[in-house]
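What follows is a single structure, written as structure tokens, with notes after it.
Numbers restart at 1 for each chain; the letters A, B, ... are given by sequence-line order, proteins then strands.
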Amino acid sequence: MAKDTYLKKILGNDRYSRVRQTKILMVGAGGIGCELLKDLVLTGYGEIHIVDLDTITLSNLNRQFLFRHHDIDKSKSLTVAKAVDSFNYFDTKLVPHHGNIMDAKQFPITWWSQFSYIFNALDNLEARRYVNRMCLYLKTPLMESGTTGFDGQIQPIYPYYSECFDCQSKVTPKTFPVCTIRSTPSQPVHCITWAKEFLFHQLFDEVDSSAGGLNDAAKIKSETDDKDEIENMTKEFNELVDLRKLIFNSDARTFFTELVNKIFKVDVERLLLIETLWKSRQKPVPLIITQYEQDLIRILDDQTELQKIFGDETKVWSTLENLVILFKASESLQRRLQGEESFLSFDKDDEDTLNFVTASANLRSIIFNIEVKSKFDIKQIAGNIIPAIATTNAIISGFSSLSGTNYFKYDFEETQDFSRIYQESSSIFISIKPNKYITSASLVGPNERCPTSSIARGLLKLTPVEVKELSLKWLVDKLIEQYDYADEAVALILGKSRLIYDVDFDDNLEKRLGDLSGFTDGELLMVQDDDGELESIELYISIVEDHESDYLPQIKLGPKKAITEESSNGSSGAPDVATDTIVIDEEDEDLVEVTEPVVKKRKIEVEVL
Amino acid sequence: MSLCKTRLQEERKQWRKDHPFGFYAKPTKATDGSLDLTQWTAGIPGKQGTLWQEAVYPITIIFPEDYPSKPPKVRFPAGFYHPNVYPSGTICLSILNEEQDWRPAITLKQIVLGIQELLDTPNPDSPAQEPAWKAFSKDKQMYEKKVKEQAKKYAIAG
């Protein structure tokens with residue numbers, strides 16, 4: 001029996017033959033990517049391009065089953081392409097690319113345009129958003145997928161017909177106000193943030209003087225001559241500078257004692273003086289090191305005891321144990337700075353830095369009467385990580401591949417009219433909650449308030465010669481002519497946030513396009529109607545050797561949509577618990593970077609599959 | 001993010017059309033001749049009839065990439081004398097605090113007016129620096145002297 005007998009039965013002959021002739025792209029060859037590539041190869045696609053920027057590490061091997069121990073340090077994309085060879089029954093052509101998908105030089109828009117369908121198997125929001133946007137520029141359908149722990153989801157995206165990746169707001173990682181972190185912590189995460197981003201950073205890391213770091217003292221001096229004032233304001237910073245100096249001019253004992261004394265006693269006592277802070281809060285209790293000194297010395301000399309403390313990362317350490325850990329960590333960080341390394345950055349996989357942050361965060365928690373956490377827990381919080389589960393990845397990849405074949409029901413060769421197919425597709429969510437193992441939701445149209453799909457998109461095509469010779473004024477005129485802006489009031493923003501022209505800013509008008517810094521292939525140019533009548537259009541600058549007569553997309557701009565901030569504000573409203581589903585697979589650890597969960601606010605129908 | 005830049009250009013346009021008297025606000029010019037919409041400088045005039053009058057206090061406003069989900073960072077020069085201003089110059093104001101009253105709908109105009117209001121009505125419950133806070137709560141005379149000295153430093157020219 002031929003290997004494709006069942007495939008033909010499942011997909012139907014027409015669909016199967018379309019799949020066989022199709023060129024697709026898979027972005028990411030990690031946790032989901034390994035599973036997904038297996039599925040795609042066994043589905044019989046004609047040609048699969050694979051992009052990943054990463055190399056294989058030991059911690060990948062527990063779930064990224066296409067990799068073996070001898071593959072460590074090799075390119076993920078090149079390795080997966082070879083690994084599936086043994087079961088490439090339908091002679092799928094595999095084209096791996098080692099590189100960053102967001103690199104417009106390696107992957108210009110002309111490269112993207114060769115694919116009929118794109119599968120995302122990514123682990124981060126930035127790349128997902130980028131691929132989503134590329135699909136919107138080219139109107140290429142996209143299958144989005146992601147997992148966190150036991151949760152996972154797939155979402156088929158038909159550009160401008162169904163919701164895009166950005167149509168539902170993503171919860172962005174929380175940041176905390178300086179006041180809470182510096183003076184009034186109330187949760188373990190506040191103390192961890194303080195330990196990692198303030199204390200550790202100021203003591204051991206490269207300090208950025210422009211960002212109000214240690215050099216603030218110098219800045220303050222330039223502002224005022226009052227001696228007392230300078231003294232007061234710079235006290236805290238100067239003491240940290242002194243402490244930092246101690247790293248080099250003292251032994252481990254002195255450094256440690258001074259550190260504990262300043263950070264956990266003097267600074268806390270000073271905070272206590274600000275009485276208003278403690279009107280409605282519990283007062284912190286300064287840590288008096290002398291109480292612990294004898295025990296500390298005893299344990300530091302006792303190897304078995306030390307090993308016992310260091311050995312259990314899931315135990316919640318006592319004050320004394322945290323002091324022991326802090327001593328050992330600061331001793332070793334001090335030694336490293338005295339040696340080869342000129343500064344140290346926090347890294348959850350660098351034991352010394354993690355120990356330092358764990359112990360100092362916990363000591364601060366004890367002082368402020370906050371729950372103390374184990375090193376294991378703190379590693380997850382400080383490193384923003386949650387576990388990746390192979391089974392979740394396998395299930396989601398299966399859905400991604402299976403659901404992807406849906407697209408090939410119809411022949412889209414000529415048109416990009418997705419009005420029918422999008423109504424026949426659904427998102428799928430999986431979770432470990434009883435009765436919610438698998439749920440699905442029909443796709444709905446783009447969110448009118450979506451900051452990404454509510455603006456028009458297209459290519460701005462220019463030859464290298466035109467870029468060199470044509471001026472910004474030419475482009476502005478061309479835009480006005482093409483899109484009919486009232487009062488000729490347009491604003492042009494290049495890249496992330498650089499305004500190059502508006503009615504109030506015409507300095508650059510006579511410049512050649514090529515002389516505007518950043519006007520290069522792959523860069524984005526946002527054109528906004530300053531009168532607020534027409535929708536904005538974001539142009540992808542595509543510099544090609546030749547193009548047909550049109551420079552700009554031949555589309556009619558609709559009226560401006562009301563992009564209100566609610567759409568971008570992840571914090572508005574409580575997430576619907578039933579469907580707060582999530583995206584993301586990881587990379588570098590047996591633990592994963594948490595990117596932002598997708599909060600679905602819409603009700604979904606529950607189907608038993 | 002596209003929302004950030006469209007919104008910032010919108011703020012620029014609104015400011016051009018209508019802004020409160022005596023204030024200024026503009027994006028900074030980058031070395032390449034473009035305007036950086038994420039970095040603004042602005043001036044806050046002290047209200048007439050207060051200790052802060054006859055001066056315009058400079059601030060810098062830095063908009064993060066996820067603005068307007070997240071609020072901008074607003075700073076006076078380092079060492080600015082005010083109970084709710086950190087030694088680094090960062091302003092502790094509830095509408096600029098994501099955890100408190102920041103809303104994406106808050107405009108640049110509302111921000112600068114809020115800061116003007118804060119100048120003469122400090123919030124003694126959220127001290128950000130010792131010298132000004134101590135003087136404000138315990139030694140009003142000293143406080144007034146310092147504020148007036150500072151007003152002279154930022155006095156409107158001519």
Side-chain angles (χ1 to χ4, degrees), chain A residues 129 169 172 174-180 212 216 219-224 226 228-230 232-237 270 274 276-277 279 451-452 455 491 493-494 496-500 502-505 507-508 511 516-518 524 526 528 530 532 536 538 563-571, chain B residues 1-10 12-13 16 27 29-39 63-70 75 77-81 86-90 92 96-100 103-106 124-134 137 146 149-150 153:
Chain A
R129 291 201 153 127
S169 54
T172 47
K174 257 196 164 1
T175 56
F176 301 99
V178 190
C179 337
T180 309
D216 238 26
K219 259 197 261 166
I220 293 167
K221 272 185 190 137
S222 71
E223 297 290 329
T224 166
D226 186 314
D228 294 342
E229 203 180 331
I230 295 175
N232 257 330
M233 257 187 291
T234 54
K235 201 181 285 171
E236 200 172 286
F237 276 123
R270 209 178 288 152
I274 311 178
T276 41
L277 286 179
K279 269 188 202 153
T452 307
I455 57 174
I493 302 166
L494 189 57
K496 271 187 178 153
S497 62
R498 291 167 40 237
L499 183 74
I500 52 171
D502 74 9
V503 290
D504 221 22
F505 178 56
D507 300 17
N508 295 316
K511 281 192 190 163
L516 295 162
S517 109
L524 301 179
M526 171 75 89
Q528 216 166 333
D530 244 2
S536 300
E538 192 161 56
I563 308 174
T564 58
E565 283 66 29
E566 275 74 27
S567 64
S568 68
N569 183 3
S571 62
Chain B
M1 278 304 296
S2 58
L3 185 59
C4 176
K5 53 188 173 187
T6 42
R7 168 67 184 268
L8 285 168
Q9 177 61 19
E10 185 66 21
R12 174 171 153 83
K13 192 180 90 191
R16 189 166 66 220
K29 196 159 188 172
T31 45
D32 61 18
S34 66
L35 297 183
D36 186 346
L37 289 172
T38 61
Q39 308 223 9
F63 294 92
E65 251 181 70
D66 33 14
Y67 171 82
S69 289
K70 301 251 161 86
R75 276 186 176 180
F80 192 83
Y81 191 80
Y86 285 95
S88 65
T90 301
C92 200
L96 295 175
N97 187 331
E98 196 193 344
E99 301 280 294
Q100 297 175 12
R103 297 290 173 271
I106 292 176
D125 291 338
S126 63
Q129 60 168 278
E130 235 177 303
W133 178 75
K134 256 193 182 156
S137 34
K146 289 273 182 194
E149 273 174 27
Q150 182 168 260
K153 185 173 164 191

- Task: Using non-hydrogen atoms and a 4.5 Å limit, figure out which bit of B:Pro124 sits close to chain A: side chain, backbone, both or neither.
- Result: backbone
- Task: Go through the atoms of A:Asp530 and report whether side chain, backbone, both or neither lie under 4.5 Å from a heavy atom of chain B.
- Result: both
- Message: Taking B:Asp36 first and then A:Arg498, would you say they form a salt bridge - that is, a charged N and a carboxylate O separated by under 4.0 Å?
- Response: no
- Among all residues two or more places apart in sequence or in another chain, which pass the side chain to side chain contact (heavy atoms under 4.5 Å, CB included) test with A:Lys511? A:Asn508, A:Leu516
- Rounded to the nearest 0.5 Å, what's the gap from OG1 on A:Thr452 to CG on B:Leu3? Could you check? 8.5 Å
- CZ of A:Phe505 to CZ of B:Arg12: how many Å apart, nearest 0.5 Å? 7.5 Å
- Task: Write down the atom of A:Gln528, the atom of B:Thr6, and the distance for their closest heavy-atom approach.
- Result: NE2-O, 2.9 Å
- Salt bridge present between A:Asp504 and B:Lys13 (N-O < 4.0 angstrom): no
- Task: Heavy-atom distances under 4.5 Å only: say whether B:Glu10 touches chain A with side chain, backbone, both or neither.
- Result: both
- What distance separates A:Ser497 OG from B:Leu37 CG, expressed to the nearest 0.5 Å? 6.0 Å
- Query: When rounded to the nearest 0.5 angstrom, what is the spacing between CG in A:Leu494 and CG in B:Leu35?
  - Reply: 12.5 Å
- Item | A:Lys496 and B:Glu65, any side-chain heavy atoms less than 4.5 Å apart | yes
- Between NZ on residue B:Lys5 and CE on residue A:Met526, distance to nearest 0.5 Å: 4.5 Å
